Amino acid sequence: MKPKLTKEEKEILKSFENGEWVPLKNISKRKAELMKYARSTLKKDKRLNIRISERDLNELQKKALIEGLPYQTYVSSIIHKFINGKLIEANK
């Protein structure tokens with residue numbers, strides 16, 4: 001029984017079968033480069049201080065608790081999603 005592939009998976013398979021993929025000569029070097037990029041992307045080295053209402057802070061802390069995250073991490077996640085266009089407004 002053949003597994004069902006998504007459109008993206010089919011495109012990748014076709015690309016591979018057409019010989020469009022080539023092995024890396026120095027995979028450990030490339031892996032190190034990618035790890036360096038990932039670390040610098042995820043590095044949190046800047047501080048942001050804002051003033052918000054106590055009510056908003058309490059609501060943020062409640063939502064963070066539901067998500068199982070510290071509230072500052074939760075706020076950082078919201079900002080990151082917004083910056084990258086992945087924050088979707090819920091319909092009320």
Side-chain angles (χ1 to χ4, degrees):
M1 183 177 200
K2 275 188 160 182
K4 292 186 178 184
L5 302 176
T6 66
K7 182 181 176 185
E8 182 181 16
E9 290 169 333
K10 288 176 185 176
E11 290 172 2
I12 292 170
L13 180 59
K14 183 179 177 183
S15 171
F16 178 77
E17 289 173 342
N18 289 338
E20 297 172 6
W21 293 58
V22 293
L24 290 175
K25 293 183 183 184
N26 189 344
I27 195 164
S28 58
K29 179 181 175 187
R30 181 65 176 149
K31 184 178 176 183
E33 288 173 351
L34 293 174
M35 288 178 72
K36 179 182 171 186
Y37 298 147
R39 282 191 188 105
S40 66
T41 300
L42 299 173
K43 187 169 109 175
K44 295 179 182 176
D45 60 348
K46 298 294 178 186
R47 183 178 300 247
L48 172 67
N49 294 316
I50 61 172
R51 294 188 183 276
I52 63 174
S53 71
E54 183 176 0
R55 181 182 173 273
D56 288 346
L57 179 59
N58 289 335
E59 291 302 315
L60 276 169
Q61 289 172 328
K62 286 179 191 176
K63 289 181 183 278
L65 188 61
I66 291 168
E67 293 294 322
L69 296 170
Y71 81 92
Q72 290 177 330
T73 301
Y74 182 67
V75 171
S76 179
S77 169
I78 292 169
I79 293 169
H80 179 76
K81 289 175 185 175
F82 176 76
I83 296 298
N84 289 290
K86 296 179 181 175
L87 187 64
I88 300 169
E89 186 174 343
N91 294 331
K92 292 185 179 184

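All of these numbers come straight from a predicted model, not from anything done at the bench. Heads up: numbering here begins at 1 and tracks the sequence.
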task: May I ask you to list the residues sharing a hydrophobic cluster with Ile12, side-chain cutoff 4.5 Å, ordered by chain and number?
output: Phe16, Trp21
field: Apart from Leu65 itself, residues in the same hydrophobic cluster as defined by side-chain heavy atoms under 4.5 Å
entry: none
- prompt: By side chain to side chain contact (heavy atoms under 4.5 Å, CB included), which residues pair with Glu33, not counting sequence neighbours?
  reply: Lys29, Arg30, Tyr37
- prompt: Who are the side chain to side chain contact (heavy atoms under 4.5 Å, CB included) partners of Ser28, not counting sequence neighbours?
  reply: Asn26
Members sharing Leu24's hydrophobic cluster (side chains within less than 4.5 Å): Ile27
Would you give me the side-chain donor-acceptor pairs under 3.5 Å for residues 72-88, sequence neighbours excluded?
from: His80; atom 1: ND1; to: Asn84; atom 2: ND2; distance (Å): 3.4
from: His80; atom 1: NE2; to: Asn84; atom 2: ND2; distance (Å): 3.3
from: Asn84; atom 1: ND2; to: His80; atom 2: O; distance (Å): 2.8

message: For the CD atom of Glu9 and the NZ atom of Lys4, what is their distance to the nearest 0.5 Å?
response: 13.0 Å
- request: For Glu20, check side chain to side chain contact (heavy atoms under 4.5 Å, CB included) against everything at least two apart and list the hits.
  value: Ser15, Asn18
- request: Under the side chain to side chain contact (heavy atoms under 4.5 Å, CB included) rule, collect the residues that match up with Glu59, sequence neighbours excluded.
  value: Lys62
